[in-house]
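Below is one structure, written out as structure tokens; comments come after it.
Just so it is clear: chains get the letters A, B, ... in the order the sequence lines come, proteins before strands, and each one is counted from 1.
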Amino acid sequence: MSITTHPKKRIEIMIEAPALTRVTAALDRAGATGYTVLPALAGRGNGGNWQRDDAFGDSGRIVCVVCISDAQRVPAILETLKPLVERHIGIVSVADVQVIRAELF
Amino acid sequence: MSITTHPKKRIEIMIEAPALTRVTAALDRAGATGYTVLPALAGRGNGGNWQRDDAFGDSGRIVCVVCISDAQRVPAILETLKPLVERHIGIVSVADVQVIRAELF
Amino acid sequence: MSITTHPKKRIEIMIEAPALTRVTAALDRAGATGYTVLPALAGRGNGGNWQRDDAFGDSGRIVCVVCISDAQRVPAILETLKPLVERHIGIVSVADVQVIRAELF
Amino acid sequence: MTSMIEIAQQNLLSPMVLFFALGLFASFVKSDLSIPEAIAKTMAVYLMMAIGFKGGVELANAGASATLFAVLAAGAAVSAVLPLIGFGLLSATSKLARVDRAAVAAHYGSISIVTFVAATQAVTTAGLAYDGYLIAVAAVMESPAIITALMLARRGQPAPATPDPDAAQTSGHLWREIAFNSSVLMLTGAFVIGMVTGKPGLEMISPFIIDPFRGVLCLFLLDMGLIAGRGLRGGAGKLPLPVIAFGLYMPVLGGLLAAGLAMAIGLSAGSAALFITLAASASYIAVPAAMRLALPEAKPSIYLTLSLGVTFPFNLALGIPFYIWLAETVT
Amino acid sequence: MTSMIEIAQQNLLSPMVLFFALGLFASFVKSDLSIPEAIAKTMAVYLMMAIGFKGGVELANAGASATLFAVLAAGAAVSAVLPLIGFGLLSATSKLARVDRAAVAAHYGSISIVTFVAATQAVTTAGLAYDGYLIAVAAVMESPAIITALMLARRGQPAPATPDPDAAQTSGHLWREIAFNSSVLMLTGAFVIGMVTGKPGLEMISPFIIDPFRGVLCLFLLDMGLIAGRGLRGGAGKLPLPVIAFGLYMPVLGGLLAAGLAMAIGLSAGSAALFITLAASASYIAVPAAMRLALPEAKPSIYLTLSLGVTFPFNLALGIPFYIWLAETVT
Amino acid sequence: MTSMIEIAQQNLLSPMVLFFALGLFASFVKSDLSIPEAIAKTMAVYLMMAIGFKGGVELANAGASATLFAVLAAGAAVSAVLPLIGFGLLSATSKLARVDRAAVAAHYGSISIVTFVAATQAVTTAGLAYDGYLIAVAAVMESPAIITALMLARRGQPAPATPDPDAAQTSGHLWREIAFNSSVLMLTGAFVIGMVTGKPGLEMISPFIIDPFRGVLCLFLLDMGLIAGRGLRGGAGKLPLPVIAFGLYMPVLGGLLAAGLAMAIGLSAGSAALFITLAASASYIAVPAAMRLALPEAKPSIYLTLSLGVTFPFNLALGIPFYIWLAETVT
Ligand SMILES: Nc1ncnc2c1ncn2[C@@H]1O[C@H](COP(=O)(O)O)[C@@H](O)[C@H]1O
Ligand SMILES: Nc1ncnc2c1ncn2[C@@H]1O[C@H](COP(=O)(O)O)[C@@H](O)[C@H]1O
Ligand SMILES: Nc1ncnc2c1ncn2[C@@H]1O[C@H](COP(=O)(O)O)[C@@H](O)[C@H]1O
Ligand code: NA
Ligand code: NA
Ligand code: NA
């Protein structure tokens, strides 16, 4: 590649909407440089399925938090998230990515 | 890492909205433990471009299904999805991820 | 796997909404075969945090562009995106994925 | 009897048609004006709720008649038969694939509820009255065309070698969707509620469903203009000429067929105008969704562009005045 | 005094209840009819804005009275006490986990503003008048039940070994959310604005908040029917019988308690009917959200299905007429 | 002539301003109250549709006059010139970067349609009449300021070494967006439709665009309060004092300039008040979007917080009464 890229991690957290502020607070505490929250429309898990237009308020809805982070910070982030996603409905996955502006993460 | 993670697969299916229930039914049949559907706003492919606010009803819109799954189950899932995404507008991609709660997938 | 998959790249671009048309134009110029734009609800970065329902119009909002592409085309795409995400608020990450229909990308 | 020119002029200069034109204009100059999808969807529900309820109340006041059942039967028949005619005409004049011909034909057998609603306004403006049960006729005409079109499309397909579990599951899904799709359900449901609650019910909610109705319709048509315009910009240039022509003469043909039936049944001028409009209108919500499921090989860039980009504007601007004039002539 | 049968019949055949039934029906036949979340949320804000404002204007006209404070206090007390009764009954009759019993009980101490709104319509239809400050009572009754329920749930929990930074931060968050949750804030805010601007203010905005109110309520109840029906289809079969029974008798118990207090305070029949309805109604927006945060171990499939799928339809169809009759009887 | 205190009091105690205050309050106590973006966007379209249409109808009734063209020209000139003044003042008093000064200045040359709409209500409440064409003036004043500001910003920039294909493509895009941005298009479009359909058109849709107008405005201002409050909480503390001061005196300066022109042209008191309000108001939708595209280096946390968090509330609460008083004084 003529353009240099840098290895980072992409953390994806599917979390029930009412607990979102806890997740973002946890990311803040763990030193994540940023995150973006994506809405979800519907889903299924062990607890049955849900649809956005079939709920009042936040309960029962899932949102998806994406956080690009340096690999070094990942253990701290996962550590902070673990109790949260054990108490609340939540799924955390981490993937390898390449970014073009290393200084941001 | 002080926290153990487990390798899993992240399957992402971009599918035209009217065929969504077929995709989720296929995931159910293939034994996926869960999935989450994300909305999309706009897109472009070979068939031209579309925008959410520029359509009536579902036709022409794309939604994005994310399914975290054990690697073992992936071939069955892809097998079940293949005829669907060949008949309908759809794109399937699979990535490696690490999860913290292996028992969920 | 009984089903053949092909290695491709998944480019994810978080970009402030007003600059979206520039990003998609850049993807077109760089020869991407397609892309899908996902909405975002909220986020935080160095510049503080934002929420979709807390803004008028597009300014301050982020959208997420996903583009599955052949690895060959990735350098050209990143090259074209770079000046954009340096001028505008934007984050680009690239991940390895496997797809089932290679001919699409 | 009003002259056709007069009706046409009244119609073209109504706020509804002008807001549609504004939407078209905005899309042609690539303005960023848009109506959020959630709002468009809710306005569609609102329009069906309002028109359905009002129809039900009117039927409750007027009482059922033999004519009612005759028109319901005629409506179902028209919806089922028009795709055959459309398919035949497309086969004779165009080079579209069989599946595309079937899909296009389905749209013209089914109906557009917004065209119908716009026609109710034009009919009222023209000083005519219409029967409330026409709304029930609209609901009945939504789906038969889909069934005819599927049969047309399948006759041409070889039976699949291996049975497809997905197809089987889908087929049940499809029938339920056709029978209980949201338009049919909302129209019929509101119609029945209107019938049950009658005038007192109407009084309770008329400041919501009657008074602002035309204004909401203006906003909805603005959005229709935006969407139709973007569809046209994207796709109409690519439609073959015989197909574009089909989008213009097919509604007139459907309208003439319905005019004959309206005369035979003995409908009033206002009711006949609406029945003709139903036959002449082409679906762009329910049928496209059904086609994506049942005939995914058919190209939406053909059927959607034709129905929404060609036929809808034609009906809104010129068709409706013509159908009113036709109805006044044959009744 | 109207007979209970008459009130019930009027109520069951009102457009509001019928649109709710249409929503239930649509969900049972798995129709794709749905109201976008953004619209449902805004309609909820609208209903609270309208009912709050109207209540404030009425209080401004009538002036505050000693009764007002008595009812406010009674409301807060009912909200705080009902969860204790509910928790006790669930402990005696069901095998639910402690945390689930507490969570369910919280819903029945708090209120459903839509049930309240539907009751105001039925009360008016029955020819009764009510005091504007009842809206303030509704706001006051939203939250005390949550606090009682949290205490009930925590009494059963061992103190955590390691202090949880997240829990601490959350607890502050939770209290703020309980005090300023959007329902409480909107109801109270609109109430105060109504009080301040009085009749002239009402005249300015009554074409928005008064005239279309019932129609919007119909659309909202259609959505409630859809959601309740989908909840029922998914979860009600799995609820144990004693829990379903609780969803039916608990509102009646709450209503009786409130009826006694209404009699003691000396409320008018219309106001008593609304106060009884508040006690009898169960929350399905504010409390579930608080429970997900404070008691994530409690299962929403139990408390949401019960409140939204069992108690809400019961109250809407049968409860409200009974509460009106009860109010007329005790006052 | 009403005293300024009286106008101010009427204004501050109007439901509109009080709902804005409720929104501010809700954001300061961190309530979860929010209005979905789709609704806010549609309410903005609705307000422009309504105000545009009404203005067109009024112009159709009154007929065009020489004054009309004088005010249009004056409006365009004010919009183009105010950024120069603003830029100069910011250069003299603050340490903002050139690009930030230009971006802020652009907002004050352009207009806020909601401030305008709120002023129409206050003007009417104060018993004054205004000319319908003021809406056309509003549309004309949206964009010239953007062009001036871009010139101001670019004068300071070195020409880029390598030509940027993206910039070229963008610049065309930008001009189209400025000319046909949704506010300009909707205002102008509805204005023209109102002119064409006149009174009969207005009668058709007035239950939608006139009657509920103030109520919708209340809901919209509630949302504005929420958004402005969140902006303030996030960013106002960080604004330098001279910049905050600019957000308070700049609207007054703009207003005085417009008052002089209004006097010269000979506008009526009501029209003058609206013209002054336009000059005094600062954009927070169209200009920020244009700035993100054209001057991405300028910080939205400065210009948006200032326009939405400082100037908008100031104008709504205190500015408008002052502008009305000023208009009554100079005419
Ligand atoms: N394997 C999965 N992949 C993606 N999303 C999932 C998965 N499992 C669960 N989810 C999401 O998490 C929600 C709750 O899951 P559960 O707690 O298992 O019911 C589901 O409704 C989905 O939206
Ligand atoms: N390479 C791609 N990456 C991401 N999304 C794509 C890609 N190609 C197509 N899509 C999405 O799939 C839709 C249909 O694609 P097509 O059938 O090629 O027109 C597009 O409108 C996009 O939303
Ligand atoms: N590390 C990150 N991961 C994911 N999204 C991010 C990250 N950093 C920033 N963002 C998104 O980009 C927006 C602007 O970032 P910034 O320019 O750093 O304020 C944020 O509000 C987020 O939505
Ligand atoms: Na038809
Ligand atoms: Na209660
Ligand atoms: Na200005």
Here the gap from A:Ser93 atom OG to B:Arg10 atom CZ, rounded to the nearest 0.5 Å, amounts to 6.5 Å
If you compare all heavy atoms of A:Gly90 against all heavy atoms of B:Leu104, which two are closest, and at what distance to 0.1 Å?
O-CD1, 4.3 Å
Please name the pair of heavy atoms, one in A:Pro39 and one in B:Pro39, separated by the smallest distance, quoted to 0.1 Å.
O-CD, 3.3 Å
Side chain of A:Arg44, backbone of B:Leu27: donor and acceptor closer than 3.5 Å?
no
Determine the option with the most heavy-atom pairs under 4.5 angstrom with chain A, choosing from B:Val99, B:Val65, B:Val66, B:Ile100.
B:Ile100
Would you say that more than 12 heavy atoms from the other residues, nucleotides or ligands in this model lie under 6.0 Å from the CD of A:Gln72, or not?
no
Can you tell me how far apart CD1 (A:Ile91) and OG1 (B:Thr33) are? Round to the nearest 0.5 Å.
7.0 Å
Which bit of B:Val63 is near chain A, if near means a heavy-atom gap under 4.5 Å: side chain, backbone, both or neither?
side chain
Distance in Å, B:Ile3 CD1 paired with A:Ile77 CD1, rounded so as to fall on 0.5 Å steps:
11.5 Å
Can you say whether B:Ile68 sits under 4.5 Å from chain A via the side chain, the backbone, both, or neither, judging by heavy atoms?
side chain
Derivation and outcome, side chain to side chain contact (heavy atoms under 4.5 Å, CB included), residues B:Val97 and A:Glu12:
CA-CA 10 Å; B:Val97 293; A:Glu12 187 177 80; over 6 Å; no
Apply side chain to side chain contact (heavy atoms under 4.5 Å, CB included) to residues B:Gln98 and A:Lys9 and explain how you reach the verdict.
CA-CA 10 Å; B:Gln98 298 281 329; A:Lys9 297 284 180 180; over 6 Å; no
Between A:Val94 and B:Thr5, does the side chain to side chain contact (heavy atoms under 4.5 Å, CB included) criterion hold? Intermediate values first, please.
CA-CA 9 Å; A:Val94 183; B:Thr5 60; 5.7 Å; no
